[in-house]
Every structure is written in C-alpha cells, then in structure tokens.
Amino acid sequence: MHIRKVSFKLVLRMLGFLFFFVPTGIVAYGHVPAGPGLPALQRDTTTINRVVDVGSTSRNFPNLVAYRNTSLQKAPAPVIAEVSEKELGRPEMTRCWLNLDEMWDYRTGKYDFNFKIGVDKYKDVKEKHRETWDWEIEAPIKYYDYLKSFSTRSDEIMLNIRRYERDILDGTLPMTMQDWKKVFKEGLKHYKMLYANIRYVELGNEYGHRFFMKATDEEYYQFYRLGYEAVNEVNQELGLVGKQKILIGGPVVTGSFIKSLTRFFELYQQDPTVGKTLDFVSWHEYTIPAVETAFREKQIRNLLSKHGIDDRLDLFVTEHNPYHYSEDKLEYHHQNAAGLVKTLYFSSLYSPNLKIMPWVLYHNSKLQTRFMWFDGPNDPETTYDQIKIFPSGVSMKWLAMHQGKEILVDNLVDGTDLVIASRQKDKVLVEAVNFGSSRPVILTLKNLKENFGSEKISVKKYLLDKKHNNALTDPKRTTKIDILETTTIDLNTATEVVLRQEAVETDGIVLWEIEKTK
C-alpha cells in the first residue's frame, strides 16, 4: 500500500486534469454515458436539493461493494469474514495474501502450510530484506483458518503471492529464481487443492516500493514470467479448465501506475515465451480524483490494444481509497467513507467492467485505522459482538443495501454532493452524500403511491457523521446501526413526500429507507 500526503503539486495535477481532459459539469443520470457538450446542472450552494421520481428507473443497481480486501499485517479474526458477508452481503471476490517467507524457510527448505501468521523468524537475519516485517503483528491466527474463513464466505478468492524477490535479486540468500518458482508453485497448488475457489493470482505488490520488492520494471517482469509458468503448470497438473482454472495477472503497481502499466505491457509484448499468460490487469489508486478513476476503463483498454494485448481482459483496482494520508484523524475517516461512494458509483457508470477493491476490511489499527471498515480483537475465538464498524464500514453497508432498480437522479461527477436512489419491490432507498460545507438536504419524492401500491409507508432516517453511527467517537458501538428517526406517512393525503435533514456535515451521509407498512 502506497503512502503519501496530499500535496500542493497533487492539487495542481487534479485541477489540470479537470481543465484539460474532463468537461466540467458532466452529468451522471442513470446509465446515460457522459459526453462533451452536456449542460452543467445548476446547484444550490446552500442546500442539497433534488426531485426524485420513484417511477423513473434505469439499470439494475450494481453491487458496488462486491470486491473486498484483507490484510496480513494484522491477521483478521476468522469472524471478520462472517461480519463481511452478513453486514455487506456475500462478496463476489475477496483478496487474500500469501507471504512465501512465512510458508517456506530458506534455511531448512521446509514448508509450513498452516503457519502461524506474523511470526518474525528473520528478525536477526541481517542479510534478509525486511519488506513489511516491521509492521506485521504476530497473531494467534493460523493460515488455514484465515484462508478458509474468507474462502467459505466469498464466491471467489484473489490470492496475492509475494516475498523473497529482493533477496534473490541481491544474491543475499542461497536461493535461485528456480527455487522461488518451485516454492510459489507448491504453495499455490497446495492451497488450490484445499480451497477450490482460489481463482485469481496477483504476483507481487507495489514492486517499486522499498517496503516491498524494491524492484525495477524489468526485475519485476522476471518474476512475473516465473509466476505465469508456475500457474500454467498447476492448471495442467490439476486438470483445471473453465471456471476452475487459475488466472494470473499484475503488475499490482501504485503511484505513477500508467507509466508502470505501459512498461509492463511493453515487456509482455516483447516476451517471446510460448504460452505466456496475462489473464487480468491490476493496479492501485490512492488519492486520485473520482473524475479520473471513473473513466479509467477505456484508458487501460486503449493501452492494452496499443500493445497488441487482448483489450477484453479483466481489470482490477485491487487497492483504492480517495485519500491516503500518513496519519490518522477523524475527518480522514469521513473523507474516505464519503469519497468511496463517489468513486464506486461513478466508476460503475463510466467504467462498468472495472472492479474496485477498496482498502481494507481490517488492518493494524496503529498504522491504518483511517482505511479500516471493522475493528476488534484478532483472536480465533473473537465473536461477532466484539467487532465494531467504522465510518467506511457504515458507508459501504449502506451502499450494499441498494438493490433492485436504480432510480434516475441527476448528479455531477465533479459536484459537491451525490444523491443516489434505488427501488425494490416493497422498498425505496435514497442516499445523499455531502462533500461541501455543512448544509441541509431536501429531497422531494414523487409518484410513490403509483409505484408502491400502498396507502401508508414507513420512513426510516439514518445519519453518518462525527456523532452518529460512529465507533470512533462512541467506543461502545459494535456493528449496530442506529435509526435517527422513523415516520409513518399516509400516501392518500400526500402527493409528494419531502425528505429533510436540517444539517449534514462535510463528508456526512444521510440515508432514508422507505417501506410499506406491515
């Protein structure tokens, strides 16, 4: 994971992108694509105000939180997988990790496939590259428990495999490239036989970073070649075909990722190996404006095509947060909780086949609380009621509640607010996110009775801000979400329903859940 502060230079880059590449005032209205010449919507700068016609629907509302991330810097308790599924819905994919130097010790040549996570066996070995060992916390969690918990509660697993690369490149350990390939292959084969839904394999993580591989583009590609050879061999030896076949991709870069992706595609294009394999492309986006990420798919597919590579490959942003500060503050949590809604929503409109995995379900809270969705003890016996939900977790839970058809609402990609709505058979959800200064929200709902077929409805209002549904300011909070207020409305006497919240803080979110009364 890349660490950097928001700088003045970054602000200038963001402004430059908006000026030169994206027409200001692009409108997102249901599934209608953006394009030049679309008129800018006029916004009340003091009030978030929309008219929402419940009868005007477009696409099926996408599962915006279908792809999720774990970390091994502090191994999550197995119950986190259960929390992830129950609070956010079953994920289509969860990204897990395999550290080769935890599974295999170069000094003995022995495998420990069910290793205890985070045991620093190399702290006194000066010649070994430290990578992220200084951040990793020893946990009582065993690897089988970690992988099984997420495999059981996810449709598919993406496994990131790494470590030992820098040691081999520097020649500091008695290991060869072929040793690395053998260990990589044996580990992948073993876990695939245990957990059949391991489907995607990422090779390495942010290879240019000094805390990871600390490698050049060319050095990374040497290991990528070994990786795809190993994956192809495992597929052949296990007779894996169709949807059981393991897929491999990369280059899992961050920072100047377009430059790195371009070089990776060049190296792949030049690779003369028969049977060379690239099944998907993955990279990380931190502190990137939503207006950039939202249109990323076309940019990457054009790069693939330019280099003679199949431009229909799966595309993954396997780590993402709108803001990546180097310290924790309460407002940073809310910036990411609100910002994720914008990135995920607009990307689903303009890059519908780009799969984004926000960072992260659970982590070492001394390092990265501002990214975490859940917190709690990481013991094998940790129970559901010991887990608390952080602002980003609440935000993602509310996104996951949107199902059925999307209700058309006009929004600006570069706007200071976002209103999204969805309609199920007996339920309507309306959500407003405020990126501007504290202000009221007034939303007028039309045609409820015509489309609801009910005389009375129940309206529940939820609020996420520094005081409401916030485990950071309420240490006793678990995963429970509080209702701010409940109202019953008779549609026989109300032709319109006005939803109001007098003040929504900066980066605050207000959600209304409207259902037929029982």
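Because only heavy atoms are used, hydrogens play no part in the values below, and waters and symmetry mates are left out as well, while side chains stay in.
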According to side chain to side chain contact (heavy atoms under 4.5 Å, CB included), who are the partners of [X], at least two apart in sequence or on a separate chain?
X	value
Ser351	Glu297, Leu354
Ala421	Val52, Ile407, Val409, Val430
Asp379	Pro140, Pro377, Glu381, Thr382
Arg210	Lys214

Counterpart residues, ring-ring contact (aromatic ring centres under 6.0 Å, His included), relative to [X] (two or more places apart):
X	value
Phe435	none
His402	Phe61
Phe115	Tyr143
Tyr332	Tyr325

Say whether [X] and [Y], considering side chains only, have a donor N or O and an acceptor N or O under 3.5 Å apart.
X	Y	answer
Ser348	Arg59	yes
Arg95	Asn69	yes
Thr47	Asn49	no
Glu485	Tyr462	no
Asn411	Tyr345	no
Ser392	His333	no

Kindly say whether the aromatic ring centers of [X] and [Y] come within a distance under 6.0 Å.
X	Y	answer
Trp180	Phe223	yes
Tyr268	Phe265	no
Tyr350	Phe295	yes
Phe280	Tyr200	yes
Phe150	Tyr195	no

Shortest non-hydrogen contact between [X] and [Y], atoms and distance:
X	Y	result
Met372	Phe390	O-CB, 3.4 Å
Tyr67	Ile356	CB-O, 3.5 Å
Leu464	Asn469	CD1-O, 3.5 Å
Gly250	Tyr224	N-CE1, 4.2 Å
Pro322	Asn336	CD-OD1, 3.2 Å
Leu313	Leu278	CD2-O, 3.5 Å

Can you run down the salt bridge (charged side-chain N to carboxylate O under 4.0 Å, His left out) pairs that involve [range], sequence neighbours left out, and say none if there aren't any?
range	value
residues 353-365	Asp314-Lys355
residues 280-290	Glu285-Arg296
residues 338-351	none
residues 63-84	Glu82-Lys86

Is [X] salt-bridged to [Y], cutoff N-O under 4.0 Å?
X	Y	result
Glu505	Lys467	no
Arg199	Asp155	no
Glu138	Lys116	yes
Arg477	Asp482	yes
Asp134	Lys123	no

Quiz item: Pick one: which of Ile420, Leu429, Leu340, Leu88 meets side chain to side chain contact (heavy atoms under 4.5 Å, CB included) with Leu399?
Solution: Ile420
Practice problem: Quickly, which of Ile161, Leu159, Leu147, Asn160 forms a side chain to side chain contact (heavy atoms under 4.5 Å, CB included) with Trp97? Name it, please. | Solution: Asn160
Quiz item: Does the side chain of Gln73 come within less than 4.5 Å of Ile137's, by heavy atoms?
Solution: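 In short, these two side chains do not touch, never coming nearer than 4.5 Å.
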Self-check item: Lys366 atom NZ, neighbour heavy-atom count above 12 within 6.0 Å
Solution: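 Check fails, neighbour count at 12 or below.
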Exercise. Would you check, one step at a time, whether the test side-chain hydrogen bond (donor to acceptor under 3.5 Å, both in side chains) holds for Glu406 with Ser422?
Key: CA-CA 4 Å; Glu406 179 175 0; Ser422 60; over 6 Å; no
Quiz item: Trp133 ring centre to Arg163 NZ or CZ under 6.0 Å, with the angle to the axis within 45°?
Solution: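 Yes, Arg163 sits over the ring of Trp133.
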